[in-house]
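Notes to accompany the following structure.
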Amino acid sequence: MKRAGFSTPWLPVLLLVPQLAIIAIFFYWPAIVALHSSFYLQDPFGFGSTFVGLENYTHLLGSAEYRRVAVFTLTFTLLVTFFSLALALLLAVKADKVLRGAKTYRTLLMWVYAVAPPVAGFIAVILFNQSWGPLTELFGLFGHTYMVGVNFNDTAFAMILASVWKQVPVNFIFFLSALQSIPRSVREAALIDNRSASGRFWDVTFPLLAPTGFFLLIINITYALFETFGIVDTVVKGEPGNNPMTLVYKVYVDGFRGNDLGGSSAQSVILMVLVLALTIFQFRLLERRIHYT
Amino acid sequence: MSRITLTSVAATLALTSAATAQTEIDLWHAMGGALGETVNAIAEDFNASQDEVVLTPVFKGTYEETLTAGIAAFRAGEQPNIIQVFDAGAATVIGAEGATIPVQDLLAENGVDFDIEDYISGVRYFYADSDGKMIGMPFNSSSPIMYYNEDALDEAGVTPPETWEEFAETTAPALAEAGYIPLAQSHLPWIFTENFMSRHNLPFATNDNGYDGNDTEILVNNDAIKAHFSALTDWQDAGYFKWYGTGWGDNQTPFEDGEVAIWLGSSGSFGGLAQMDLGFDFSATYLPYWEAVTTEPKQTFIGGAALFAMSGQSAEENAATAKFFEFLTSPETQYFWHRETGYVPITEAAYELAEEDGHYDRMPAAEVGIQQLSLPAGDHTRGYRMGFYVQIRDVMNREYGRILTGETSVEDAFQTIETEANQLLERFAKTQG
């Protein structure tokens, strides 16, 4: 058998150069600069700077506020990931059964995917407006004075709601296509073995959705950690105050607003390590345990 | 065909070179909405007043975003000629000697008369170095003042409180009785911290409020301010004070809606309020003080922002910048700016012009900001200079929010602010090394 290949070793290198250049310029170079400046405290204009070793890191690890933001980020990520996946799965299972007008339902459910995060955040700000927000009034009916921007938990709830709402459609699309790719023969066989619909779902359908589910798990964790920036920024209106914020937002607050380049770089490096760990976890552990058909 | 193209190219070139005979300079600012339109009007007037310089104002977002954009541009060698930097960013931009040309030097080098005594006393030294040399040209100078709903106060049968004691004992109970939320404010670090210190003539930081060096420590953890915040929580419980969060507008809206009777905001908010159809008459007066702390209340800090001439430009462009500053500080321009926006005029001459024109007869409240800035000065009323101050304000906002939502005590909050602010100051000192 003839192996397809390049006659000269230079051609593949040449073809790779554009991609490698992009990675080097937009990923490796900034990462190296961030790592370098995390060891310094420098004047934002670039005049003075002092090498401080690991001080930026020890400062963060000793900071009660940084720990508080980290704990919130963890809670936020877990809740957003769980509810985005669970709701999307529920909707996908229901949509899968619909025969009439299926396309309309599906389109309506995917609609929100096109909304940009800051817009999602802005919708939350309107819904939860302190004086006339419809959801504020709804909570008022149940005797809770909802105060977004004042009460920590109220603000956190608005952020989580907007983030989940924004992410459900993406998960929905993936789950729906996964459901539709389950072979008819498998479903029919299950129907003979098990009369209970929920039993069939948990024993047969759910395991078959696992590959999609784990892929979405990673996607959703990354989304909650990083892409919710726009939602957080809009909900807190650029003034963090006593409001909840995520680790990524804190990088922005300290670096771009506060001009603390060293401290902010150290925070970025910590996040880079986190992403690295997440990626290793994905490839080493999850991919091995999942059986793709 | 080709001849026509060539001719038009030649014509375009001729036009361009005619245009470049003028010096073009740019101004990056953070004035959005109606304020931005007024900045544009000033730029148009300046461009129309002479034919050597063309000034282009560019809106760059919030104060923080404008400063960050300026820093990024400076590092890339693309900085504008003039940048607007706010009070909290003063230490950053003034600390970076070499990033800007002191405005006093710029004007002197370009033959523009400059006498610091021409500027009203509250404005003179905030953006100056420790020797009193003016580094940034005060532009939109404002101070926190007390706005009140005249109808509400009449209804409750009270006059605007001069002291916080009067507010707590007389004003607030009467207003609450009349169905109003007596008090709201829009910026706790600015109004109830920085200007609390200046109004009561208390030191805010070591090293003469930070002007004399970088090894500064904050003096925010004192009994007077802690008593003030304890009183605030008591008022909150009694329904005399309501906090609507850290956002400026969230606290101003209930005043505009007539729910809140007294609102502490910026003297620069005056223009916007005056243009609104509020449904009630409003006026303004000085920020109250605690009689228990001082019987001789002093002037407040100017706040707002200043214009800085960035270095690294040609001598020609610097001359153009000086020309614009000269235009900007002229009494006519200052009066226009003051009248349109409510920001205070920065020179005595402009203040006199506004008086002569009868501006304060028509709108007495417009004078409150400048009057408050012209109150007697004390040892600690000149201003403050602290690095990483944007982050220090973030810490204050966070801890104050926690006090007012009952998540922490006044004592713990001020302890935290002191500790974290001093850490930030220590870190800032290292950035200057």
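Per chain, numbering begins at 1; letters A, B, ... match sequence-line order.
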(request) Spell out, as yes or no, whether a donor-acceptor pair under 3.5 Å connects the side chain of B:Arg75 to the backbone of A:Pro44. (result) yes
(request) For each of A:Val236, A:Val150, A:Leu41, A:Val148, tally heavy-atom pairs with chain B at distances under 4.5 Å, and name the one with the top tally. (result) A:Leu41
(request) Could you pull out the closest heavy-atom pair between B:Gln391 and A:Asp254, with the gap in Å? (result) OE1-OD1, 3.3 Å
(request) Name the orientation class of the two ring planes belonging to A:Phe47 and B:Phe74 (parallel below 30°, tilted from 30 to 60°, perpendicular beyond 60°). (result) tilted
(request) Below 4.5 Å from any heavy atom of chain A, which atoms of B:Leu404 appear? Answer side chain, backbone, both or neither. (result) neither
(message) Can you tell me which portion of A:Val52 sits under 4.5 Å from chain B's heavy atoms? Options are side chain, backbone, both or neither.
(response) side chain
(message) Given heavy-atom pairs under 4.5 angstrom as the criterion, report whether the side chain, backbone, both or neither of A:Tyr252 touches chain B.
(response) side chain
(request) State, to 0.1 Å, how close B:Arg427 and A:Asp260 come at their nearest heavy-atom pair, and which atoms those are. (result) NH2-OD2, 3.1 Å
(request) Output the distance between atom CD (B:Glu426) and atom NE2 (A:His59), rounded to the nearest 0.5 Å. (result) 10.0 Å
(request) Search all heavy atoms of A:Asp43 against all heavy atoms of B:Gln432 and return the closest pair with its distance. (result) OD1-NE2, 3.4 Å
(request) Count the heavy atoms of every other residue, nucleotide or ligand shown that sit under 6.0 Å from CZ of A:Phe51, and state whether that count exceeds 12. (result) yes
(message) So which atom in A:Phe45 and which in B:Ile71 form the shortest heavy-atom distance, rounded to 0.1 Å?
(response) CZ-CG1, 3.6 Å
(request) Please list, in residue-number order, every residue in residues 244-260 of chain B that has a heavy atom less than 4.5 Å from any heavy atom of chain A; write 'none' if there are none. (result) B:Tyr244, B:Gly245, B:Thr246, B:Asp250
(request) Sort A:Gln42 into side chain, backbone, both or neither according to what part of it lies under 4.5 angstrom from a heavy atom of chain B. (result) both
(request) For atom OH of A:Tyr57, decide whether the heavy atoms of other residues, nucleotides or ligands shown that lie under 6.0 angstrom number more than 12. (result) yes
(message) Give me the atom names and distance for the closest heavy-atom approach of A:Met147 to B:Trp243.
(response) CE-O, 4.0 Å
(request) May I ask you to check whether over 12 heavy atoms, not counting those of A:Phe83, lie within 6.0 Å of atom CZ? (result) no
(message) Need one label for B:Val395: side chain, backbone, both or neither, based on atoms under 4.5 Å from any heavy atom in chain A.
(response) neither
(request) Name all residues meeting the ring pair (Phe, Tyr, Trp, His ring centres under 6.0 Å) criterion together with B:Tyr384; count only those two or more places apart in sequence or in a different chain, and write none if there are none. (result) B:Phe126, B:Phe204, B:Phe301, B:Tyr389
(message) Does any backbone or side-chain atom of B:Glu399 lie under 4.5 Å from a heavy atom of chain A? Answer side chain, backbone, both or neither.
(response) neither
(request) Side chain from CB out, backbone as N, CA, C, O: work out which of these in B:Gln423 comes under 4.5 Å of a heavy atom of chain A, or both, or neither. (result) side chain
(request) Considering only heavy atoms, give the residues of residues 410-422 of chain B separated from chain A by less than 4.5 Å, sorted numerically, with 'none' for an empty result. (result) B:Glu420
(message) Would you say OH of A:Tyr66 has more than 12 non-hydrogen atoms from neighbouring residues, nucleotides or ligands within 6.0 angstrom?
(response) yes
(request) Determine whether more than 12 heavy atoms belonging to other residues, nucleotides or ligands lie under 6.0 Å from atom CZ of A:Phe82. (result) no
(request) May I ask you to list the residues in residues 179-189 of chain B that approach chain A closer than 4.5 angstrom, counting heavy atoms only, ordered by number? (result) none
(message) Heavy-atom cut-off 4.5 Å, strictly under: side chain, backbone, both or neither for B:Thr92 against chain A?
(response) both
(message) Below 4.5 Å, heavy-atom pairs only: which of B:Val93, B:Val390, B:Thr405, B:Asp394 has the largest tally toward chain A?
(response) B:Asp394
(request) Measure distances from A:Asn129 to the heavy atoms of chain B and classify the residue's part below 4.5 Å as side chain, backbone, both or neither. (result) neither
(message) Just checking B:Glu97: does its CD atom have more than 12 heavy atoms from other residues, nucleotides or ligands closer to it than 6.0 angstrom?
(response) no
